[in-house]
Amino acid sequence: MRFVGIDLHKKFIILCVVNQGRVVVARKKFYCSETAKIRDFFGQLGAFQAVVEATASYEWLWLLLEPLAYRLVLAHPKKLRVIAESTRKSDKVDARVLAEFLALDMIPEAYRPTPRQRQHRALVRQRCYIRKGITAVKNKIRRLLSDYNADRKDLFSTEGLQYLGQVPVSSPDRFVLDQLRQHWEHLERQLQDADQALRTFGQRAPAAEAEARAVLESIPEVGPVTVDIVISELGEVRRFRSLKKVAAYAGLAPGQRESAGRKKELGISKEGSRRLRWALVEAAWRVVRKTRRWAAVFEGICKRRGKKKAIVAVARRLLGVMVALLRSGQRYRLAA
């Protein structure tokens with residue numbers, strides 16, 4: 001058995017091959033465009049295991065090697081701190097460390113999304129990107145109008161847009177406003193297209209995903225945007241051993257330091273998907289405002305910890321409820 005550490009970059013890859021005794025038997029460098037040479041090299045290795053870090057562009061290499069490898073491992077970059085904190089860091093050293101850790105079966109593995117989940121994430125993240133662009137353009141229009149003390153609350157309503165076209169501004173600023181408005185209208189059309197693409201994608205969901213969507217939609221104030229973000233970012237919830245693991249994955253788990261019998265509570269880790277945390281916090285604000293049960297939970301925590309920590313705690317509890325329902329397949333039931 002050969003063990004291959006792969007240090008993957010945007011334009012090239014560095015390979016280090018070791019045997020079971022962790023002795024280096026081969027080193028190689030290929031450009032990423034040389035897929036035929038990469039396939040031939042691995043095809044001549046015989047039985048091999050390979051490891052690559054979960055970078056942004058690993059998928060093409062995984063699909064290339066999957067038919068050839070005895071085992072492929074996706075390494076968690078942050079947990080491989082021995083590489084990040086090394087004082088003698090180079091591409092060759094990184095590849096060798098990966099190969100040696102693989103031979104020792106000590107690679108901390110990362111989760112690899114399914115093909116459908118990757119497609120779902122692509123659509124969801126594109127929608128979030130468009131929405132972020134819309135907000136940026138709106139803010140820029142309002143800031144420009146503030147120079148003339150001409151901003152108004154209903155600026156993007158029908159009447160507000162008529163006002164925007166007539167408000168007296170200088171010629172250069174009128175040019176900027178017209179272009180920003182055209183850009184905003186273009187982004188709004190893109191947002192509608194993205195929503196339609198997500199609806200079509202959801203209609204083609206397999207049975208398990210369709211059931212998960214129905215379960216999440218039964219929760220008060222949880223709409224289609226939140227459902228899409230939760231399903232695409234979490235994936236299969238049964239891969240988490242506990243609700244604490246889910247909270248940690250979402251970056252909603254608080255940290256803690258303890259020394260000499262003294263404990264100090266830290267803020268949430270904010271690791272994992274920012275979109276998932278954003279969707280959960282937004283959903284938490286909605287359920288707090290619209291349901292008495294969640295409002296009581298929020299008020300109870302708020303008295304002790306303040307609003308910011310209280311809403312994060314509600315978001316964490318809401319995530320726990322979502323995961324528990326997804327595991328059981330039950331719909332959300334309002335308390336009597």
Side-chain angles (χ1 to χ4, degrees), residues 1-115 117-118 121 235-236 238-242 244-246 248-251 253 255 257 269-273:
M1 181 66 67
R2 297 289 188 264
F3 303 91
V4 187
I6 306 172
D7 191 37
L8 175 63
H9 296 269
K10 184 177 181 180
K11 295 184 178 181
F12 60 88
I13 61 174
I14 302 294
L15 308 179
C16 180
V17 185
V18 303
N19 57 22
Q20 291 179 327
R22 288 177 289 153
V23 176
V24 177
V25 296
R27 292 185 186 273
K28 206 71 177 177
K29 175 180 178 179
F30 293 104
Y31 287 99
C32 294
S33 58
E34 300 174 325
T35 53
K37 291 183 179 180
I38 295 172
R39 188 186 300 107
D40 290 343
F41 174 80
F42 280 97
Q44 296 170 7
L45 280 181
F48 72 91
Q49 299 182 31
V51 57
V52 62
E53 289 183 297
T55 58
S57 56
Y58 74 87
E59 184 68 14
W60 71 269
L61 183 61
W62 186 283
L63 294 176
L64 181 69
L65 299 182
E66 193 171 29
L68 306 174
Y70 175 80
R71 178 189 174 213
L72 282 180
V73 179
L74 189 63
H76 196 301
K78 185 173 182 179
K79 293 181 180 178
L80 276 170
R81 301 187 67 88
V82 66
I83 291 180
E85 296 178 355
S86 174
T87 58
R88 293 181 60 252
K89 191 177 187 305
S90 68
D91 296 338
K92 290 183 178 180
V93 171
D94 292 352
R96 179 167 183 172
V97 170
L98 286 170
E100 291 179 350
F101 271 56
L102 180 63
L104 294 170
D105 199 19
M106 293 176 60
I107 294 290
E109 295 191 38
Y111 171 68
R112 179 172 177 261
T114 64
Q117 188 180 352
R118 291 177 65 87
R121 283 184 178 182
E236 175 53 59
R238 290 180 178 82
R239 67 191 177 94
F240 299 103
R241 290 176 291 179
S242 67
K244 289 184 179 180
K245 295 288 186 182
V246 183
Y249 179 82
R257 291 188 180 276
S269 65
K270 294 187 180 180
E271 295 182 359
S273 171

Legend entry - Reported CE-to-CG distance for the pair M1 and N19, which is rounded to 0.5 angstrom: 12.0 Å
Inset, instruction - May I ask you to test the K29-D91 pair for a side-chain heavy-atom distance under 4.5 Å? - result: no
Inset, instruction - Please report the closest heavy-atom contact between A95 and L15, naming both atoms and the distance. - result: CB-C, 4.3 Å
Inset, instruction - Please report the closest heavy-atom contact between G235 and Y111, naming both atoms and the distance. - result: CA-OH, 4.2 Å
Legend entry - Which atom of K10 lies closest to which atom of C32, heavy atoms considered: O-SG, 3.6 Å
Legend entry - W60 side chain near L8 side chain, heavy-atom distance below 4.5 Å: yes
Legend entry - From T114 atom OG1 to R121 atom CZ, the distance as rounded to the nearest 0.5 Å: 8.5 Å
Legend entry - Test log, rule side-chain contact (heavy atoms from CB on, under 4.5 Å), inputs R112 and E59: CA-CA 9 Å; R112 179 172 177 261; E59 184 68 14; 2.7 Å; yes
Legend entry - side-chain contact (heavy atoms from CB on, under 4.5 Å) between V52 and L74, worked out: CA-CA 5 Å; V52 62; L74 189 63; 4.2 Å; yes
Inset, instruction - Could you tell me the separation between the CD1 atom of I6 and the CD atom of E53, rounded to the nearest 0.5 Å? - result: 11.0 Å
Inset, instruction - Report, as yes or no, whether the 6.0 Å neighbourhood of atom OH on Y31 holds more than 12 heavy atoms from other residues, nucleotides or ligands. - result: no
Legend entry - L64 side chain reached by F42 side chain, heavy atoms, under 4.5 Å: no
Legend entry - Heavy-atom side-chain proximity of V51 to F3 below 4.5 angstrom: no
Inset, instruction - For the pair R71 and E109, evaluate salt bridge (charged side-chain N to carboxylate O under 4.0 Å, His left out) and give the outcome as yes or no after the intermediate values. - result: CA-CA 13 Å; R71 178 189 174 213; E109 295 191 38; 3.2 Å; yes
Inset, instruction - Give a yes or no on whether R22 atom CZ has more than 12 heavy-atom contacts from other residues, nucleotides or ligands under 6.0 Å away. - result: no
Inset, instruction - Using the test side-chain contact (heavy atoms from CB on, under 4.5 Å), find all partners of E236 that sit at least two apart in sequence or belong to another chain. - result: R238
Legend entry - Close side-chain approach of V73 to F101, heavy-atom, < 4.5 Å: no
Inset, instruction - Measure the NE2-OG1 distance between H9 and T55 for me, rounded to the nearest 0.5 Å. - result: 9.0 Å
Inset, instruction - Kindly indicate whether the side chain of L98, heavy atoms from C-beta on, has any atom under 4.5 Å from the side chain of L80. - result: yes
Inset, instruction - Enter the distance from F41:CZ to L65:CG here, rounded to the nearest 0.5 Å. - result: 10.5 Å
Legend entry - Heavy-atom side-chain proximity of R27 to C16 below 4.5 angstrom: yes
Legend entry - Under the salt bridge (charged side-chain N to carboxylate O under 4.0 Å, His left out) test, residues paired with R96 that sit two or more places apart: E100
